[in-house]
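Presented below is the structure to which this report refers.
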Amino acid sequence: MGGGPAGLRAAEVAALGGALVIVFEQKPSVGRKFLVAGKGGLNLTHEASVDEFARHYTVAEMDSDSALALWRILLRGFDANALRLWAGSLGIETFCASSGRVYPMEMKSAPLLRRWVERLRGLGVEFRMRQRWTGLRSEKGLELEFSGASDEAGDSEVQVVRAGAAVLALGGASWPQTGSTGIWSSILGGLGVKIAPLMASNCGWECSWPQDVIERCEGRPLKNVRVSTGGECVRGELLVTRYGLEGGALYALGAALRAHPRPTLSIDFKPDSSPESLLARLGSARHNFLEEAALRWRLGETVNCLLKGLLRDSPPESAEAMVRAVKHCEIRLEKSRPVEEAISSAGGVRFEELDESLMVRNLPGVFVAGEMLAWDAPTGGYLLQGCFSTGTCAGEGALHWTTNR
Ligand SMILES: Cc1cc2nc3c(=O)[nH]c(=O)nc-3n(C[C@H](O)[C@H](O)[C@H](O)COP(=O)(O)OP(=O)(O)OC[C@H]3O[C@@H](n4cnc5c(N)ncnc54)[C@H](O)[C@@H]3O)c2cc1C
């Protein structure tokens, strides 16, 4: 159930293995979030070895070594290379940018999705749209319940479908207009499945900027900065927004930020310069440190304006204080932006509920894949790769379950 990348991949694997597959999707068409991802160029995956790739995933309630071991297995089943070959088999060539991010040549998802759906239809996969999964019974075989879903009229009559196995790939809770509402969590929770709360991930954070920072810096990037919080540190880019900050560097620190109710972000605006070299370049300056630093350190307009706004009430009174301000600029974050706006959500079905084929132990024949599982990863292609890898695993599991019974 669910026509996102994880569900479609599970359907493909099961259909290739000879299973009779039906995709149930509550929206009038499949892959709506996948199409949204295409607006940003569709970062399909990342070029990295399985070991390096696996380090980017965190799993709720799991230590980092166990998460690494789990993701090594999942990725070995369908890794970045396999994903690129798969896209190629649909006639979609990919390229790797200097950042390691992999995109389709056309930087769009629509052509890929169209050919993928055509292939699935060719494999005999049936698509039932506007069908909302509302529950299941597993006492006497697997019985799945659906309501005819229409945005205008709400749910209509309930139908029950018997199945040999089911893959739930209903997405997280971000961008609910694409169909990923996270409502499944109360249905599965009601069936006794443990679920880590769905939270915004890869999202902006709010802070209180002085008015002149908003007026002069809103929409401007802070390039090549090093940001840290709670012992985690990454290098990348931030974007100043009206409400606070966005950007890849912030997204990569998501798990560390969420660990604190009001986290503090420390920004190093000059990550390639040591404090000593900055001090030396300030030379004979004895006052107007902000102006002197802007000039002698080539701070750039946005950094300069940001520091002026933040330090207006207590400007640095020594060269050392100025160096501290630029190497450890501390920003108190208030809260993350709402999950509805986030690129993805953390939380979901806990892995302790599942066996190695991603089947819910207490619901035999029911498998889970994609963002509805309790893993999290930064942007960079790790999200879609995670959906494809877990979709492959769940699809294989469901196929094996139905053919060996
Ligand atoms: C703006 C944006 C840009 C992104 N860009 C990238 C990117 O470049 N690279 C990347 O790796 N990731 C990106 N992502 C994240 C990526 O798109 C998601 O992680 C991925 O789509 C999740 O796939 P999924 O199959 O798990 O779920 P989804 O794609 O969310 O699909 C779930 C499907 O299940 C359906 N559904 C839900 N509940 C029910 C129900 N009860 N009954 C029937 N159907 C149901 C939904 O309608 C939906 O079609 C982006 C996300 C956003 C929002």
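Remember, it's 1-based here, ligands and their atoms both numbered in the order they're listed.
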Looking only at protein heavy atoms, what sits closest to atom 5 (N) of ligand 1 is Ala37 CB, 3.3 Å

task = Using only heavy-atom distances, determine whether the side chains of Ser89 and Arg119 contain a donor-acceptor pair under 3.5 Å.
result = yes

**Study point:** Any Ser344 heavy atom less than 4.0 Å from ligand 1
**Key:** no

Thr402 meets the side chain to side chain donor-acceptor pair (under 3.5 Å) criterion, sequence neighbours left out, with none

Atom 16 (C) of ligand 1 sits nearest the protein heavy atom Leu384 CD2, 4.0 Å

Polar side chain donor-acceptor pair, Gln385 to Ser389, under 3.5 angstrom: yes

Within the structure, does Asn43 bring an N/O atom to less than 3.5 angstrom of an N/O atom in ligand 1?
yes

If you compare Ala369, Gly4, Gly2 by their heavy atoms, the one closest to atom 31 (O) of ligand 1 turns out to be Gly4

Margin query: In this structure, does ligand 1 have an atom that sits under 4.0 Å from one of the heavy atoms of Thr178?
Written below: yes

Take a 6.0 Å sphere around CZ of Arg296 and say whether it holds more than 12 heavy atoms from other residues, nucleotides or ligands. yes

Establish, from distance only, whether the side-chain atoms of Gln131 and Gln159 form a donor-acceptor pair under 3.5 Å.
yes

> CZ of Arg216: more than 12 outside heavy atoms within 6.0 angstrom?
Replying inline: no

In terms of its nearest heavy atom to atom 35 (C) of ligand 1, the top option of Glu25, Gln177, Gln385 is Glu25

Exercise. So, Ser357 and Asp355: side-chain donor and acceptor under 3.5 Å apart, yes or no?
Worked result: yes

In ligand 1, the atoms that come under 4.0 Å of a heavy atom of Ala169 are 32 (C), 33 (C), 34 (O)

The single option from Tyr382, Trp375, Phe53 that satisfies ring pair (Phe, Tyr, Trp, His ring centres under 6.0 Å) with Trp71 is Trp375

Sorted by chain and residue number, the side-chain contact (heavy atoms from CB on, under 4.5 Å) partners of Val323 (sequence neighbours excluded) come out as Pro275, Leu278, Leu279, Trp297, Lys327

Logged contact type for Trp133 with ligand 1, heavy-atom cut-off 4.0 Å, is both

Residue, atom and distance of the protein heavy atom nearest atom 25 (O) of ligand 1 read Ala6 N, 3.0 Å

**OP:** Please indicate whether any nitrogen or oxygen in Glu371 is less than 3.5 Å from any nitrogen or oxygen in ligand 1.
**Re:** yes

Any heavy atom of Trp184 closer to ligand 1 than 4.0 angstrom? no

Looking only at protein heavy atoms, what sits closest to atom 29 (O) of ligand 1 is Pro5 CD, 3.4 Å

Any nitrogen or oxygen of Lys27 lying under 3.5 Å from a nitrogen or oxygen in ligand 1? Just yes or no.
no

Check your understanding: Any chance CD of Glu317 has more than 12 other-residue heavy atoms, nucleotides or ligands included, within less than 6.0 Å?
Key -> no

Near Gly381 (heavy-atom distance under 4.0 Å), the atoms of ligand 1 are 11 (O)

A student comparing Gly171, Ser345, Gly135 should find that the heavy atom closest to atom 27 (O) of ligand 1 comes from Gly171

Atom 38 (N) of ligand 1 has as its nearest protein heavy atom Gln26 NE2, 3.2 Å

At under 4.0 Å between heavy atoms, what of Met372 touches ligand 1? The answer is neither

For Gly370, the atoms of ligand 1 under 4.0 Å from one of its heavy atoms are 26 (O)

Looking only at non-hydrogen atoms, the one of Leu35, Val36, Leu373, Ile343 nearest atom 1 (C) of ligand 1 is Val36

A student comparing Leu383, Thr134, Thr390 should find that the heavy atom closest to atom 12 (N) of ligand 1 comes from Leu383

In ligand 1, the atoms that come under 4.0 Å of a heavy atom of Trp175 are 1 (C), 53 (C)

Within the structure, is a non-hydrogen atom of Gly40 found at a distance of less than 4.0 Å from ligand 1? no

Practice item. Determine whether more than 12 heavy atoms belonging to other residues, nucleotides or ligands lie under 6.0 Å from atom CD of Glu301. Key: no

Q. So is there a nitrogen or oxygen of Gly31 less than 3.5 Å from a nitrogen or oxygen in ligand 1?
A. no

Ligand 1 to Gln131, heavy atom cutoff 4.0 Å, flagged ligand atoms 42 (N), 43 (C)

- prompt: At a 4.0 Å cut-off, with the gap strictly under it, does some heavy atom of Arg32 reach an atom of ligand 1?
  reply: no

Donor on one side chain, acceptor on other, Thr178 and Lys27, under 3.5 Å = no

*Do you see a donor-acceptor pair shorter than 3.5 Å between the side chains of Glu341 and Trp175?*
no

Ligand 1 to Ser180 polar contact by distance, N or O atoms, under 3.5 Å: yes

Heavy atoms from other residues, nucleotides or ligands near CG of Leu20 exceed 12 (cutoff 6.0 Å):
no

Between Arg132 and Ser147, is any side-chain donor less than 3.5 angstrom from a side-chain acceptor?
no

> Are side-chain N/O atoms of Ser208 and Glu334 paired as donor and acceptor at under 3.5 Å?
Replying inline: yes

